[in-house]
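What follows is a short report on a single structure.
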Amino acid sequence: MYMSTDEIRRAFLAFFESKGHQIVESSSLVPANDPTLLFTNAGMNQFKDTFLGLEKRNYTRATTAQRCVRAGGKHNDLENVGFTARHHTFFEMLGNFSFGDYFKQDAIKYAWEFLTVTLKLPEERLLVTIYETDDEAFDIWNKEMGIPADRIVRIGDNKGAPYASDNFWQMGDTGPCGPCTEIFYDHGEHIWGGRPGTPEEDGDRFIEIWNNVFMQFNRQADGTMEPLPKPSVDTGMGIERIAAIMQGVHSNYEIDIFQTLIKESAKVIGHDDLSNQSLRVVADHIRSCAFLIVDGVMPSNEGRGYVLRRIIRRAVRHGNKLGAQGAFFYKLVGPLAEIMGTAGEELKKQQAIVEKVLKIEEDNFGRTLDRGLAILNEALESLDDKVLDGETVFKLYDTYGFPADLTNDVARERGFSIDEDGFNEAMEAQRQRAREAGSFGVDYNNAIKIDASTEFCGYTATQGEGQVVALYCNGEAVDSVNAGEEALIVLDNTPFYAESGGQSGDAGVISAAGVKFDVADTQKFSDAIGHSGVVAEGAIKIGDKVVANVDIARRQAISLNHSATHLLHAALRNLLGEHVAQKGSLVKADSLRFDFSHLEGVKAEELREVERVVNEQIRLNNTIETNVMDIESAKEKGAMALFGEKYDDEVRVLSMGDFSTELCGGIHAANTGDIGLFKIVSEGGIAAGIRRIEAVTGAGAIAALHAQEALLSETASLVKSDAASVASKVGALVAHSKQLEKEIQQLKDKLAAQEGADLISQAQEINGVKVLISQLDGADNKALRGMVDELKNQLGSGVVVLGNVSDGKVGLIAGVTKDLIGKVKAGELVNLVAQQVGGKGGGRPDMAQAGGTDAAALPAALESVTPWLAEKL
């Protein structure tokens, strides 16, 4: 029975919804509040805190179609993508989850029913694996599901350590873990490969399509396995693999999504052979690149942005290999959004910005490619032998996107070879760094777990009564805390707002008779709200009745700034375009910070217009309304969700007239007019494609205006002008200063030329080669380069080394005429001297510069040049 990928996705979610599961939207590819993961790489990532007991949800069963990326960290096999049947940078994981609800029996029944009844897969094509000692799972499969024993494979600890089995899953070295049962599909005898557990298991005949993880133990640091009080289920099925089966093909690249993308790739590149593996690379990479950009990742030289850049460049390289002329990769975004069906809705909304980011990056890479070739040519020209070192080959690959085989091709044309072993060592070192960066090293058993819950009454009050239900001191649960001790207090009821959605946590005082606790910050711990601070008076113990008072002035200032961020967000989208999306915010009492997606700096006139529009909305004094409704109703109303936030089924929808409607659980002003005044303080880039605006409101805005007036007045006084004429006066002074600097530089150049003419008489000969070594104290370092060029011209053939001490710092420069760089390289020469004066440097073989800090050592360092050159020449 043929089914499209989108039909499979919808059927899976509908099936588990019929079994009482909550359909949860795919989370961002950038894991929320999880620095241990580079990218979301499994369906369970967004539920990690739920499995750990650190977060509680209002459902115990969930199902998702989670988009995942595996192209960095320990899950990184990028070079195989496009050349095997099932390696991808991007994939979708269909999953169903139980949080202490059903366990092995229902998980197995659901999986089998969906595969054999909904999808109608033939039972004889399916076989299962279990953990070797999991007799419970065996009995369910054998006795209840009727699977013959010879189609149930036990997989033991075959990796040299207890529980080190493909059928035993662990979140980390400690924490929740348990056995797995997997379902495999037999593609048939015509495909090579053996059953799981056999020497031929790596073949492509038997393919895993479903994995049920039974989390039933909590692994301690000493290896002890303690039974979990609420065993849970985490399952996963790769949609690409099941689509291949349902569409009667073997390779994932033959399914509908990839066939469409391969054909579109061939069209935009101008290539006819649809079987070419480079087309598969391009088709795979457009999925990861497009959805990473949708989720806020922008190309850069570090972290997630660096991985994205590498994937883009790999795709472009493969397109260029097929003869692509000009930018082509960005043209695949539209076809991708269409073929992804229900999973492509967000991509459709952001299609324009995704295309723009990819085109800019592709154009930039074209220029980078030229620079890389220039570096490669220079490296080959300066070789003493016929082998290009592995570090240079790796640098070209890692920095400029040159694959080793391309470098090898260019080198071979020149009669050189490359150090493949050295390159492989550098590659392995990079992989090791990536694996270490992607490790999950948190001991679950050391994490603070608060079972209590707190009722929040702060939307309508700044004072409330509550009872102390938990106390923590130095991360440990305690029964009481005394004066002078820092502590975390959890109440059953509080008006204190816990930091969330960019809004700072409240501060204030918790008190009782003879007791005072100064709250410095408020944070969420799952369903509990923790108040951190210091006991100022008395002692506090579990069970105490207390009164909680929020700092009203601080709360009010924060709420004004928070409301202003909503107006700012709407104004930016109206003015710059709907591609603008919030990428982070920080709302404090004295200011606000708002990060948003935009590919270029916001012009001064645009910022003024944003200010004007926001202040216009403030003057309209619209009522700020909050309504609680279900998530679907909120979406129908046009409420915009904020980046990286998790939302329950019931959400708060904040409206400011017809101008702004967003989902927000924060504290806000009653009317827009309460904000008073909005003033932008700064705008700038913080990452590729991400801008940041900092602003102030109310009294803070007035203070900012006063500060600007004071600065203007002071500047006018310094230039002997009034405020109205200060700009023209400063402009005239700047122009005069530039003219004086130009004249000074011209005089320095003349002096340097004269000094160079005097120096030429000091040249000596070493083994028949003219050499000039000299120290010039107080000379202009910028003029040294021109001086060396002039001296080289006068020598015709020779070596020049100049040292200079200016303001206590050493400047060095070496020049070698091109006929001698086979024997002497300027970079090596200048480093010889630099290392002796506390510095380092480098440059081209014919010209190199360096600096140093030990001026006293310069004469001796220059003297060492003569014997060094005697050996070289």
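In this structure, a donor-acceptor pair under 3.5 Å is present between the side chains of S26 and Q66. For the residue pair Q350 and E346, a side-chain donor N or O sits within less than 3.5 Å of a side-chain acceptor on the partner. Residues E345 and T342 bring no donor and acceptor atom of their side chains to less than 3.5 Å of each other. Defined by atom type and a distance below 3.5 Å, a donor-acceptor pair is present between the side-chain atoms of T89 and D284. H569 and E662 share a side-chain donor-acceptor pair at under 3.5 Å. The closest side-chain donor-acceptor pair between S559 and H668, if any, does not fall under 3.5 angstrom. Side-chain atoms of N621 and T672 form no donor-acceptor pair, as typed in the model, at a separation below 3.5 Å.
A donor-acceptor pair under 3.5 Å links the side-chain atoms of S563 to the main chain of A669, judged by distance alone. With hydrogens and angles ignored, the 3.5 Å screen pairs no side-chain donor or acceptor of N627 with any backbone N or O of R652. Although no hydrogens or angles enter the test, the distance criterion places no donor-acceptor pair under 3.5 Å between the side chain of R593 and the main chain of V587. Checked by atom type and distance alone, the side chain of N615 never pairs as donor or acceptor with a backbone atom of L677 at under 3.5 Å. When atom types are taken as modelled, the side chain of T715 and the backbone of L711 share a donor-acceptor pair closer than 3.5 angstrom. In this structure, T40 contributes its side chain and S28 its backbone to a donor-acceptor pair below 3.5 Å. D674 contributes a side-chain N or O that, together with a main-chain N or O of N671, makes up a donor-acceptor pair within less than 3.5 Å. Between the side chain of R573 and the backbone N or O of V580 there is at least one donor-acceptor pair closer than 3.5 Å. Side chain of N276 to backbone of S278: a donor-acceptor contact under 3.5 angstrom is found. A distance-only check finds a donor-acceptor pair linking the side chain of Q503 to the backbone of I667 [under 3.5 Å].
With respect to E92 and R9, a salt bridge is recorded, a charged nitrogen being found less than 4.0 Å from a carboxylate O. Ionic pairing of D6 and R10 is present here: one or more N-O contacts between side-chain nitrogen and carboxylate oxygen are shorter than 4.0 angstrom. Taking the charged nitrogens against the carboxylate oxygens, K679 and E694 have no contact shorter than 4.0 Å, which rules out a salt bridge. Electrostatic pairing of R612 and E616 counts as a salt bridge here, judged by a charged N lying under 4.0 Å from a carboxylate O. Remark: E361 engages R309 in a salt bridge, criterion side-chain N to carboxylate O under 4.0 Å. At a threshold of 4.0 Å, the pair R608-E611 does not count as salt-bridged, since none of the basic side-chain nitrogens sits closer than that to a carboxylate oxygen. One finds a salt bridge joining E683 and R691 here, because a Lys/Arg side-chain nitrogen approaches an Asp/Glu carboxylate oxygen to under 4.0 Å. Salt-bridge formation is not detected for the pair K359/E362: no Lys NZ or Arg NE/NH1/NH2 atom is positioned less than 4.0 Å from an Asp or Glu carboxylate oxygen.
I23 has its side chain out of reach of T64: every pair of non-hydrogen atoms, C-beta onward, lies at least 4.5 Å apart. Using a 4.5 Å cut-off on side-chain heavy atoms (C-beta onward), R70 and F91 make contact. L261 places a side-chain heavy atom less than 4.5 Å from the side chain of R287. Within the 4.5 Å cutoff, the side chain of L663 has no heavy atoms near those of the L654 side chain. By the 4.5 Å heavy-atom criterion applied to side chains, V24 and F47 are counted as neighbours. The shortest side-chain heavy-atom distance between V613 and L567 does not fall under the 4.5 Å cut-off. Put simply, the side chain of L347 reaches to within 4.5 Å of the side chain of L336, judged on heavy atoms. Side-chain contact between F291 and L29: present, with at least one pair of heavy atoms (C-beta onward) separated by less than 4.5 Å.
Annotation: K348, atom NZ; neighbour count of heavy atoms from other residues, nucleotides and ligands within 6.0 Å is above 12. Residue-environment remark: CD (E578) stays at or below the threshold of 12 foreign heavy atoms within 6.0 Å. Within 6.0 Å of atom CD in E605, more than 12 heavy atoms from other residues, nucleotides or ligands are found, so the atom counts as buried in its surroundings.
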- Could you go through the side chain to side chain contact (heavy atoms under 4.5 Å, CB included) check for K637 and V653 one step at a time? CA-CA 9 Å; K637 190 175 180 180; V653 178; 4.2 Å; yes
- Task: Tell me, with the steps shown, if V282 and I262 meet side chain to side chain contact (heavy atoms under 4.5 Å, CB included).
- Result: CA-CA 8 Å; V282 174; I262 287 171; over 6 Å; no
- Task: Just do the side chain to side chain contact (heavy atoms under 4.5 Å, CB included) check on E240 and F258 with the steps written out, would you?
- Result: CA-CA 9 Å; E240 294 82 6; F258 280 110; 4.3 Å; yes
- Item | From CA spacing to verdict: side chain to side chain contact (heavy atoms under 4.5 Å, CB included), N574, F659 | CA-CA 10 Å; N574 289 344; F659 187 71; 3.2 Å; yes
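Under the 6.0 Å cut-off for aromatic ring centres, H88 and Y253 qualify, their centroids lying closer than that.
Rounding to the nearest 0.5 angstrom, the gap separating the CD1 atom in I257 from the CD1 atom in I239 is 6.5 Å. We find the CD1-CZ distance between I693 and F594 to be 8.0 Å, quoted to the nearest 0.5 Å. In this structure, the separation between CD1 on I339 and CG on L332 is 13.0 Å, given to the nearest 0.5 Å. Taking SG of C289 as the reference point, atom CZ of R314 lies at 11.0 Å (rounded to 0.5 Å). To the nearest 0.5 angstrom, L599 atom CG is 9.0 Å from I690 atom CD1. To the nearest 0.5 Å, the span separating OG1 on T260 from CD1 on I255 amounts to 9.5 Å.
Just one residue in the list R67, K583, R304 forms a salt bridge (charged side-chain N to carboxylate O under 4.0 Å, His left out) with D295, and that residue is R67.
Relative orientation of the H562 and H566 rings is tilted, given thresholds of 30° and 60° on the angle between their planes.
Minimum heavy-atom separation, A571 to V610: CB-CG1, 4.2 Å. Of all the heavy atoms in A564 and L592, the pair that sits closest is CB-CD2, 3.7 Å.
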